[in-house]
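Report on the following structure.
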Amino acid sequence: MKISVGQFRPGGDVSANVATMRELAGQAVEDGSELIVFPEESMFSIGKVEGALAAAVDAGWSVFVQQLSFLAAELKIAVVAGGYESSGEERPYNTLVLIEDTGRIVDTYRKLHLYDAFSYSESQRIKPGDGGITVVPVGSLNVGLMTCYDLRFPEQARALADRGADVVLVPAAWFKGDHKIEHWETLLRARAIENTVWIAAAGTSSSHTIGHSAILDPMGVPQVFLNDEEQGVVTAEVTRKRIEEVREFLPVLRNRRFARNEEIVEGH
């Protein structure tokens, strides 16, 4: 199954962002892809929104999801992308939506770990997820969902692998800073290697985020990647056969002696 990651710089206008995503998804379809993964904040960048965030979310989320549904159905490609969903309170959820190639909404994932680190406090504006983890079938593979800062928590990736994820999708808006590119690349490799799964990571490209979208195999080897502020699409063949090959000589999941984290696994 071919999977693509699309990297771009979201602005403050939902429809304009979806128009860019449509262009990138079209390139993925030309590559033969069945699924494209877009970044966190694909709906809009909080820093570009005019007025109150809650009002922008109330007006934008349903439009965003509807337009993505039309995009997926028109181009016949499954889509994963990040936006902001109303929680019924002042703080919205940071949510990924997964839409199949018919335009049907398959599932959502609300970001569990908010970025309260490096002098930033995401939780001041965003409500943490309350639905646990998400693993769903797409095409011939099972995909697990994580968002940005979640990548720093190995127990979440392990829970996704335990649930049967073949590939972990990581939409992100990874902030720039000292050693941040090294952290991103190291953590992507680590999550792939320690769980022997594929990783498909889509980052925003902007003045304050690193980009560096990539698809890595279960040995942590990047198959395709993009640079920092580059807009574009890259595609790789992602197979369960490669997982089986790696797990034959690197059976870390079978060899481990710690129990599964049932509290996380049972959350969704």
Going through the distances and angles, do Glu89 and Ser87 end up as a side-chain hydrogen bond (donor to acceptor under 3.5 Å, both in side chains)? CA-CA 5 Å; Glu89 303 175 8; Ser87 68; 4.5 Å; no
In sequence, state the C-alpha distance, the side-chain angles, and the governing distance for Asp228 and Ile210, and then conclude on side chain to side chain contact (heavy atoms under 4.5 Å, CB included). CA-CA 5 Å; Asp228 50 3; Ile210 67 167; 5.6 Å; no
Evaluation steps, side chain to side chain contact (heavy atoms under 4.5 Å, CB included), between Trp174 and Leu187: CA-CA 12 Å; Trp174 199 267; Leu187 290 165; 4.0 Å; yes
Mind running ring pair (Phe, Tyr, Trp, His ring centres under 6.0 Å) on His208 and Phe175 for me, showing each step along the way? CA-CA 6 Å; His208 65 279; Phe175 281 4; 5.5 Å; yes
Using the rule given for side chain to side chain contact (heavy atoms under 4.5 Å, CB included), can you reason through Glu85 versus Val97, listing the C-alpha separation, both sets of side-chain angles and the distance that settles it, and then say yes or no? CA-CA 10 Å; Glu85 173 197 12; Val97 60; over 6 Å; no
Between Met1 and Val138, does a side chain to side chain contact (heavy atoms under 4.5 Å, CB included) hold up when you go through it step by step? CA-CA 10 Å; Met1 174 179 172; Val138 177; 3.7 Å; yes
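Applying the 6.0 Å contact sphere to CD of Gln124 captures no more than 12 heavy atoms from other residues, nucleotides or ligands. Within 6.0 Å of NZ on Lys48 lie no more than 12 heavy atoms contributed by other residues, nucleotides or ligands. Residue-environment remark: CG (Asn255) exceeds the threshold of 12 foreign heavy atoms within 6.0 Å. Residue-environment remark: CZ (Phe225) stays at or below the threshold of 12 foreign heavy atoms within 6.0 Å. Heavy-atom neighbours of Glu229 CD from other residues, nucleotides or ligands within 6.0 Å: above the threshold of 12.
Summarising the geometry, atom OG belonging to Ser69 is positioned 12.5 Å from atom CD belonging to Glu74; distances are rounded to the nearest 0.5 Å. In this structure, CD1 in Ile243 is found 10.0 Å from CG in Asp217, a value given to the nearest 0.5 Å. Note that CG of Leu114 and OH of Tyr93 are 11.0 Å apart. Values are rounded to the nearest 0.5 Å. In this structure, CG in Leu98 is found 11.0 Å from CG in Leu68, a value given to the nearest 0.5 Å. Separating the CD atom in Gln231 from the OG atom in Ser213 is a distance of 11.0 Å, to the nearest 0.5 Å. Taken to the nearest 0.5 Å, the CZ atom of Arg163 stands 8.0 Å off from the CG atom of Leu160.
Hydrophobic clustering of Ile, Leu, Val, Met, Phe, Trp and Tyr side chains at less than 4.5 Å, counting indirect connections, keeps Leu35 apart from Leu24. Linking ILVMFWY side-chain heavy atoms closer than 4.5 Å, directly or via other members, places Val197 and Val246 in two distinct hydrophobic clusters. Under the 4.5 Å side-chain heavy-atom criterion for grouping Ile, Leu, Val, Met, Phe, Trp and Tyr, Val57 is connected to Val65 within one hydrophobic cluster. Using a 4.5 Å cut-off between side-chain heavy atoms of Ile, Leu, Val, Met, Phe, Trp and Tyr, with links allowed through other members, Phe64 and Val37 fall into different hydrophobic clusters. Cluster annotation: Ile193 and Val167 are assigned to distinct hydrophobic clusters (Ile/Leu/Val/Met/Phe/Trp/Tyr, side-chain heavy-atom contacts under 4.5 Å, transitive).
The closest side-chain heavy-atom distance from Val18 to Phe70 is not below 4.5 Å. Two residues are said to be in side-chain contact when any heavy atoms from C-beta on lie closer than 4.5 Å; Phe118 and Asp178 fail this criterion. Pro222 places a side-chain heavy atom less than 4.5 Å from the side chain of Leu216. At least one side-chain heavy atom of Arg91 sits less than 4.5 Å from a side-chain heavy atom of Pro128. Here the side chains of Thr108 and Thr134 are not in contact, with every heavy-atom distance at 4.5 Å or above.
Take Glu122 and apply the side-chain hydrogen bond (donor to acceptor under 3.5 Å, both in side chains) test, not counting sequence neighbours, and it matches Asn94, Lys111.
Looking at every heavy atom in both residues, Val233 comes nearest to Leu226 through N-CD1, 4.4 Å. Of all non-hydrogen atoms in Glu40 and Cys148, the two that sit nearest each other are OE1-CB, 3.2 Å. Arg152 and Lys180 make their closest contact through NH2-CE, 3.8 Å (heavy atoms, listed as atom of the first residue, atom of the second, distance). Closest of all the heavy-atom pairs between Met43 and Gly83 is CB-CA, 3.5 Å. Counting all heavy atoms, side chain and backbone alike, Ala172 lies closest to Pro39 at O-CB, 3.5 Å. Nearest heavy atoms, Val224 versus Thr235: CG1-O, 3.4 Å.
Arg189 places no side-chain N or O within 3.5 Å of a backbone atom of Thr186 that could act as its donor or acceptor partner. The backbone N or O of Pro218 sits nowhere less than 3.5 Å from a side-chain atom of Arg242 that would complete a donor-acceptor pair. With hydrogens and angles disregarded, no donor-acceptor distance shorter than 3.5 Å links the side chain of Asn142 to the backbone of Asp166. Judged by distance alone, with hydrogens and angles left aside, the side-chain atoms of Gln7 form a donor-acceptor pair with the main-chain N or O of Asn227 at under 3.5 Å. With hydrogens and angles disregarded, no donor-acceptor distance shorter than 3.5 Å links the side chain of Gln27 to the backbone of Gly232.
In this pair, His183 and His179 present their aromatic rings parallel. The plane angle is below 30°, not in the 30 to 60° band. Taking the six-membered ring where the residue is Trp, Tyr149 and Tyr115 present perpendicular rings, their angle passing 60° and hence far from 30°.
Each of Leu169, Val80, Thr95, Thr147 was compared with Tyr109 under the side chain to side chain contact (heavy atoms under 4.5 Å, CB included) criterion, and only Thr147 meets it.
Sorted by first then second residue, the side chain to side chain donor-acceptor pair (under 3.5 Å) pairs that include residues 193-204, not counting sequence neighbours, are Arg158-Asn195, Arg191-Glu194, Thr196-Arg247, Thr204-Thr209.
In summary, Lys241 and Glu244 do not engage in a salt bridge, as defined by a charged side-chain N under 4.0 Å from a carboxylate O.
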